[in-house]
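Step one of this worksheet: look at the structure below.
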Amino acid sequence: MRKKVILITGANGEVGHGLIEQMHALEDKPNVVVLDIRGMDEEKSKLIDTCIVGDILDTDLLDNLMSEYEIDTIYHLAALLSTHSEFRPEAAHRVNVQGTVNLLQLAIEQARWRAKPVKFIFPSSIAVYGVPDLETKAILAPVTEDQYTMPTTMYGCNKLYCEHLGRYYTSHYRQLAVTPEPHGVDFRSVRFPGLISAITMPSGGTSDYAPEMLHAAAQGLPYTSFVRPDTTIPFMAMPDAIKALLMLADAPREKLTQAVYNVSSFSLSAAEVAELVQKSFPGTEITYEPSSGRQNIVDSWPADIDDSAARRDWNWSAEYDVNRAFNEYLIPMIRQHYQT
Ligand code: SER
């Protein structure tokens, strides 16, 4: 008998770390297999069953997973983030798109073997949006899932396309087959705002100025922001991001009216992040030297997103508004983390 497991790709990233911790804390702990090209940090390895060091582009490796495990749910977190992707657009396309196709195929195969759908949980991003200019951004009401989806980054294009692939694999895959498939992929995606963790740093994103500012301040270091002080996007504290993934995975299928859901909690300008950071770490020197390329990317992301569909369909609500996020999570945890 194959062992029933949850598969997490890209598990050694910051979302993966949070997800593994939360799963480990569940009363009914699932068996967790992770696949990450970097392996797994030692401390987090203790919280999982198996770590496979490997590449989501390695189809032989994915075939081997097929024979060994019954995969119930896939959290497909592996991706190259937006800034990294601009430096290596074709590599980003391979990892972000072909990697996702490989995992979707794995899910289809698994579903056939077990005669039950495989849940496929996919983090998407505000990078799928492309607001044309700052004048439009300034007057825009919180954007819904279907508005302004004209991304200006390879990462944004990749995420948007993968959202469509997920919907296709769930509802239309092999639509011309003589005998339509009764079971398949159950794809569910959340579009995250910029995420901020007290424990880990993102790598290669364009919303990274906020977590970088906080982590620099907590270590007593100055920080130079690569965006202007007025730059505003939505953010979310990491525990809420993990909560969103788990809530969406648990939602009854019949309640879901769409494949992709915005989730949001609070919007802040870079200057407001700086102010909150300096309130807790007085004397931190924060300066601004906007880099035009990265500034343009963040300027193309909306200042706020509308998450009413997630609220309506699966009762989403963020636990951490800006005050709770900073006072009850980010500041106390980061102090503990750096022992300041
Ligand atoms: N935080 C991501 C990035 O900056 C956006 O999803 O790439």
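We count ligands from 1, going down the list as the structure has it; atoms in each ligand are counted the same way. The shown structure was predicted, so the numbers you read here are calculated from the model rather than taken from an experiment.
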Between Tyr148 and Tyr129, is the gap from one ring center to the other below 6.0 Å?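 Between Tyr129 and Tyr148, which both carry aromatic rings, the centre distance is not below 6.0 Å.
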
Tell me if the aromatic rings of Phe187 and Phe122 count as close, with their centers under 6.0 Å from one another.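 Yes, the ring of Phe187 comes within the 6.0 Å limit of the ring of Phe122, centre to centre.
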
Any nitrogen or oxygen of [X], side chain or backbone, less than 3.5 Å from one on ligand 1?
X      : result
Thr83  : no
Ser82  : yes
Ser125 : yes

Show me which atoms of ligand 1 lie under 4.0 Å from any heavy atom of Trp301.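 Those qualifying, in numeric order: 4 (O).
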
Atoms in ligand 1 flagged as close to Leu81, the criterion being non-hydrogen separation under 4.0 Å: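 Counting atoms of ligand 1 from 1, those under 4.0 Å from Leu81 are 7 (O).
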
Against ligand 1, does Ser207 come closer than 4.0 Å with any heavy atom?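 Yes, Ser207 has a heavy atom closer than 4.0 Å to ligand 1.
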
Would you check whether Tyr155 reaches within less than 4.0 Å of ligand 1, judged by its heavy atoms?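 Judged by the 4.0 Å heavy-atom criterion, Tyr155 does count as contacting ligand 1.
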
On a heavy-atom basis, which atom in Leu195 and which in Ser207 lie closest, and how many Å separate them?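 Result for this residue pair: N-OG, 4.5 Å.
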
Quick one: sort the Trp314 and Trp316 rings into parallel, tilted or perpendicular, breaks at 30° and 60°.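 Aromatic pair Trp314/Trp316 classed tilted.
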
Does a donor on one side chain and an acceptor on the other come within less than 3.5 Å for Tyr223 and Glu212?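 Short answer, yes.
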
At under 4.0 Å between heavy atoms, which part of Ala127 makes contact with ligand 1: side chain, backbone, both or neither?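 Ala127 to ligand 1: no contact under 4.0 Å from either part.
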
Would you kindly specify which portion of Tyr209 sits under 4.0 Å from ligand 1, judged on non-hydrogen atoms: side chain, backbone, both or neither?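 Under 4.0 Å from ligand 1, Tyr209 contributes no heavy atoms.
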
In the protein, which heavy atom is nearest to atom 4 (O) of ligand 1, and how far is it?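 Answer, as residue, atom name and distance: Thr206 N, 2.5 Å.
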
So, Asp41 side chain and Glu43 main chain: donor-acceptor pair closer than 3.5 Å or not?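 No; judged by distance alone, with no hydrogens or angles, the pair does not exist.
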
Can Arg114 and Asp72 be counted as an ion pair, charged N to O under 4.0 angstrom?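 Salt bridge present between Arg114 and Asp72.
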
